[in-house]
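These figures come from a predicted structure and were not determined experimentally. So that the names make sense, note that chain A is the first sequence line, chain B the second, and so on, each numbered from 1.
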Amino acid sequence: MPFTNDGAQFLTYRMGSPLNNLWAHQIGIGSGSGTALVTNSTLVAERIRNKLTGSADFTTPRKVTYQGDFNSFEMSGTHLTEFGLFTTGFAILTGSTWQRESFGSIVFDGTNELQVQTTIEVIPG
Amino acid sequence: MIEVSLDVGGVAVQDFKRLIVEKALGEYNASANFMAILDSPFGRHGDDYTVGDEITIKADKDTSPTTTIFVGILEQKRYIGEENNQQLILTGRDFTARLQDATIEPSVFSNSEVSTIVTNIIDEYTSDITTTNVDVTETTLARIAFNHQSVYVGLQQLSELSGFTYFVDTNKDLNFKKKATINSGITLNNTNIKKTRADTTREGFANRVWVYGYRSLLRFSEPPLAAGGGSVFTLTNKPHNTQVDSSATPGSLLKGGIFNFGPTFTSGPDYLVNFHDRQIIFISGTVIGYSSIPPDGGSILVEYDKEVPIVKFGQNNSSIDAFGPKTRIIQDKSIRDPRHAEDILIEQLADADPLNRLEMTLDGWFTFDVGETVDIALDDFGISRVEVPIINISYNFTPRTVEAEDIITVRLDRKITEITDTLVDINDRLVAIESVDTQATDLLTRLEFATGSALVVGSRWIISTSTLTGSGYHLYATGFTPPVNPFNLASGTDQGFLAGSFTGSAEIFKPFEIVASGGFDYTSL
């Protein structure tokens, strides 16, 4: 008896739709190092956390895409190495991250701004 | 010489000592089956074969076998050992097993031609069986209901009602065909028969048939009864669930009891019901201390449920004159439509003649199948008939029989009732009794065990940046003091088109460009 596509789509909606305020609506960025692990609950060195730009995008079935924007003033002086999805709070170090990704350093010197897009996929089986 | 091959799970078996294959028409409580006996010294076949393996048996005369005579399932492995002898015995049925192992869930078919019912049942309740050779019949049933009979038994009923027969062939296809219509072209006589037995018997047929179905209870209002002249009132029908109202106590239903329930009257009831005599009896007397008899001039209103049974009777007078009366009673509470009862009655009376069975061991190799017909010419037995149906074929392959070519035994014409048929009939009647309360509209609580899952994964991620062009214009409100210098307005905030003309570029930031990305798009697979 497979878990159906509709069931997977339902799960997808629950990750971006308001449900008792337990939905991902914040993106945080940081400059910590270390491989992203399933055991991560925070960013290593979170610097800024912003609300999602607009709403989560459900255009593609069983996928949800989040977008966060950070202006050049906010990013000035940041060596960006990580980002994560959060459900709670506008302040850094609040709540647990649903997703963390790490990568090579990207330097922001006040002349550039940042846009992060990340997608979560629900695969039925 | 007859060449035969046996495959178990796709593996050829070379060393069987004996191989028996039996094929039968479905209407005779049998499926095709096989048995193979293998020597297994020193555990030769100790780890071979698995229950559920598919079996294929082929046979031909004087050439490598290519004609399939049996396809089925290995259902049992039995090891037997005694002193220095060890054997492995493999047995199983053909894909008729799929019909015998599945049941028809509570369902009703109305005004349906028989072959559409057959196809519907096979598609809905079985697996592995196709319906390519289900022929259209000339019989349309007004109504037939099934309540968890096996598919096999259901097809038996449909074949008997339509005059068809059925079996599952070596292609796992259900053949549902009119009886005795395919002639094999073979004549059996004293040139190709080694042994013959012919039986004719009165056992198993009937020429007077009663069919009893469900007994419905229908509400009935007795015409008003005039009170006066006694305490006993006779009704039109035998009453169930009586409701009595008297003019002496208008608006109050009287309390009832059962006549002759005990040795003495007890107080409480106002009337007693004498079911078999159809009577309502009002009671009074010094023992109980009251009288419930309505006064003269009043009236009594009685409502009750009356039985309306489904009963059909028929007889074949020619058969009775020739062979004497033979009565059969069929009781099946699942029969809830009189038209269904009538169809069963007609089908039963069609077999109002003594049963003939012919059993012959043949000399030589023949390629035919159950359901086909042969011609018979046996003068010494007084038998000369054409188009006699083959109801059973048995193949017995041993080292001796394959050389002597006396492998095949056939049974022809009709089947005589044996003890196994009686046991099957008892079982079928038990199923009918137990399933009488199942309805097609019953709510089902289904409990199924299975494993389903959903995998949530991070998919693609993209980091994009946008850089200053280096030739931007910054707008200030009057008196505005920027906190830092230079003060850059973030894209998308407090920006607008410049009115009038200007020189130079007003673009602050270049379009976003991807500087890092990762992850994997799983739905692209």
(Q) Once ring-ring contact (aromatic ring centres under 6.0 Å, His included) is applied, do any residues pair with B/Phe34, and if so which ones, sequence neighbours excluded? (A)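 Applying ring-ring contact (aromatic ring centres under 6.0 Å, His included) to B/Phe34 gives B/Phe70.
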Q | B/Phe95: partners by ring-ring contact (aromatic ring centres under 6.0 Å, His included), with sequence neighbours left out | A | none
Q.
Which residue in the set B/Ile129, B/Leu174, B/Val168 passes side chain to side chain contact (heavy atoms under 4.5 Å, CB included) when paired with B/Arg98?
A.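 The side chain to side chain contact (heavy atoms under 4.5 Å, CB included) with B/Arg98 is passed solely by B/Ile129 among B/Ile129, B/Leu174, B/Val168.
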Identify which part of [X] has an atom lying under 4.5 Å from any heavy atom of chain B, answering side chain, backbone, both or neither.
| X | answer |
| --- | --- |
| A/Glu101 | side chain |
| A/Ile106 | side chain |
| A/Phe70 | neither |
| A/Asp109 | neither |
| A/Leu85 | neither |

Q: Would you mind checking if A/Lys51 and A/Asp69 are paired as a salt bridge, meaning a charged N to carboxylate O distance below 4.0 Å?
A: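 Result for this pair is no, no salt bridge flagged.
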Q) Hey, is B/Glu513 close enough to B/Lys510 for a salt bridge, meaning N to O under 4.0 Å? A)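 Between B/Lys510 and B/Glu513 there is no salt bridge, as every charged N stays at least 4.0 Å from the carboxylate O atoms.
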